[in-house]
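In what follows, a single structure is set out as structure tokens and then discussed.
Here is the naming used below: chain letters follow the sequence lines, and residue numbers restart at 1 for every chain.
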Amino acid sequence: MSSLQGYVDRRVLLVLQDGRAIVGKMAGYDQKSNVVLSESKERVYSMEEGVEEIPLGLYLVKGDMIILIGEIDEEIEQSVDLSTIRAEPMPPIRY
Amino acid sequence: MLIFSVFKTLTDQQVTVELKNDLSITGTLKSVDQFLNIRLDNIKVSDEARHPHMIAVKNCFIRGSVVRYVQLPADHVDTQLLEDATRRGDNSTKAIVLTLTIKNRNAETLKFHYG
């Protein structure tokens, strides 16, 4: 079973079906891969300005909205200045 | 179930997963489950300049339902065995397993099309 156990209490990036990216600490999950994030923030990417972080607080994300969960490497994260990053938002899923 | 077994034999191999949002992620296959959710290690996103979103992500969990293709190392897949198993109908569970395309046995990589 490819489980999410290793991600609990770690800082993770969730990518959602509509292309949104949310970072936060994984507080918990269940067998349907619903995920609870604490101290979560949405990262809004645009070509006009650097990455904007919108605080969301405690969030429960439904498993079927999640396309990817990535563990954030704190060392690399520290070295990246989000305000300098210009990028299109991630494209939404198209079936 | 057949493809689940195939993936289990491919753990620790380098694979490229193409998602239905056109993102391609290359990494080491760490594990897979019955939904074909995939865990990858040491990942790299192709076209990192266009997709810097995952720059600080080293390992990830990908939901099986959003995978379009998985490119596999051809030399680690016994295509003859696969073809035989497919003809025998070893994918006996009714799970919609796949449209299996084995077009070119000498190809560098094989692509599995998710059903």
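In this structure, the separation between CG on B/N37 and CG on A/L68 is 11.0 Å, given to the nearest 0.5 Å. Atom CG of A/D73 is separated from atom CE of B/M54 by 13.0 Å, given to the nearest 0.5 angstrom. The CD1 atom of A/I66 sits 11.0 Å away from atom OG of B/S65, with the distance rounded to the nearest 0.5 Å.
With a 4.5 angstrom heavy-atom cutoff, B/N59 touches chain A via backbone and side-chain atoms both. Contacts between A/I93 and chain B at a heavy-atom distance below 4.5 Å involve backbone atoms as well as side-chain atoms. Looking at A/S79, neither its backbone nor its side chain comes within 4.5 Å of chain B, counting heavy atoms on both sides. With a 4.5 Å cut-off on non-hydrogen atoms, B/I25 touches chain A through its side chain but not through its backbone. For chain A, no part of B/I43 is nearby; none of its heavy atoms comes within less than 4.5 Å.
Annotation for B/K20: atom NZ counts as buried by contact number, over 12 foreign heavy atoms lying within 6.0 Å.
Linking Ile, Leu, Val, Met, Phe, Trp and Tyr whenever their side-chain heavy atoms come within less than 4.5 Å puts A/M26 and A/Y59 in one cluster. Under a hydrophobic-cluster definition in which Ile, Leu, Val, Met, Phe, Trp and Tyr are linked whenever side-chain heavy atoms come within less than 4.5 Å, directly or via other members, B/V66 and B/F4 are assigned to the same cluster. Hydrophobic clustering (side-chain heavy atoms under 4.5 Å, transitive across Ile, Leu, Val, Met, Phe, Trp, Tyr) keeps A/Y45 apart from A/I72. By the rule that hydrophobic residues join a cluster once side-chain heavy atoms approach within less than 4.5 Å of another member, B/V45 and A/L82 end up as members of separate clusters. Linking Ile, Leu, Val, Met, Phe, Trp and Tyr residues whenever their side-chain heavy atoms come within less than 4.5 Å places A/L60 and A/L58 in a single cluster.
Within the 3.5 Å criterion, the main-chain N or O of B/H53 finds no donor-acceptor partner in the side chain of A/R43. Under the 3.5 Å distance criterion, the side-chain polar atoms of B/H51 are left unmatched by any main-chain donor or acceptor of A/E88. For B/R39 (side chain) and A/S3 (main-chain N/O), a donor-acceptor pair under 3.5 Å exists by modelled atom type.
Of the listed residues (A/E71, A/E74, A/E75, A/R86), the one with the most heavy-atom contacts under 4.5 Å to chain B is A/E71. Your options are A/I76, A/I69, A/I85, and the one with the most heavy-atom pairs under 4.5 Å with chain B is A/I69.
Minimum interatomic distance between A/G70 and B/V57 (heavy atoms only, all atoms of both residues): CA-CG1, 3.5 Å. Shown here for A/Y7 and B/F61, the closest heavy-atom pair between the two residues is OH-N, 3.5 Å.
Side chains of B/R63 and A/D64 form a contact here, defined as non-hydrogen atoms less than 4.5 Å apart. Using a 4.5 Å cut-off on side-chain heavy atoms (C-beta onward), B/N21 and A/R94 make no contact.
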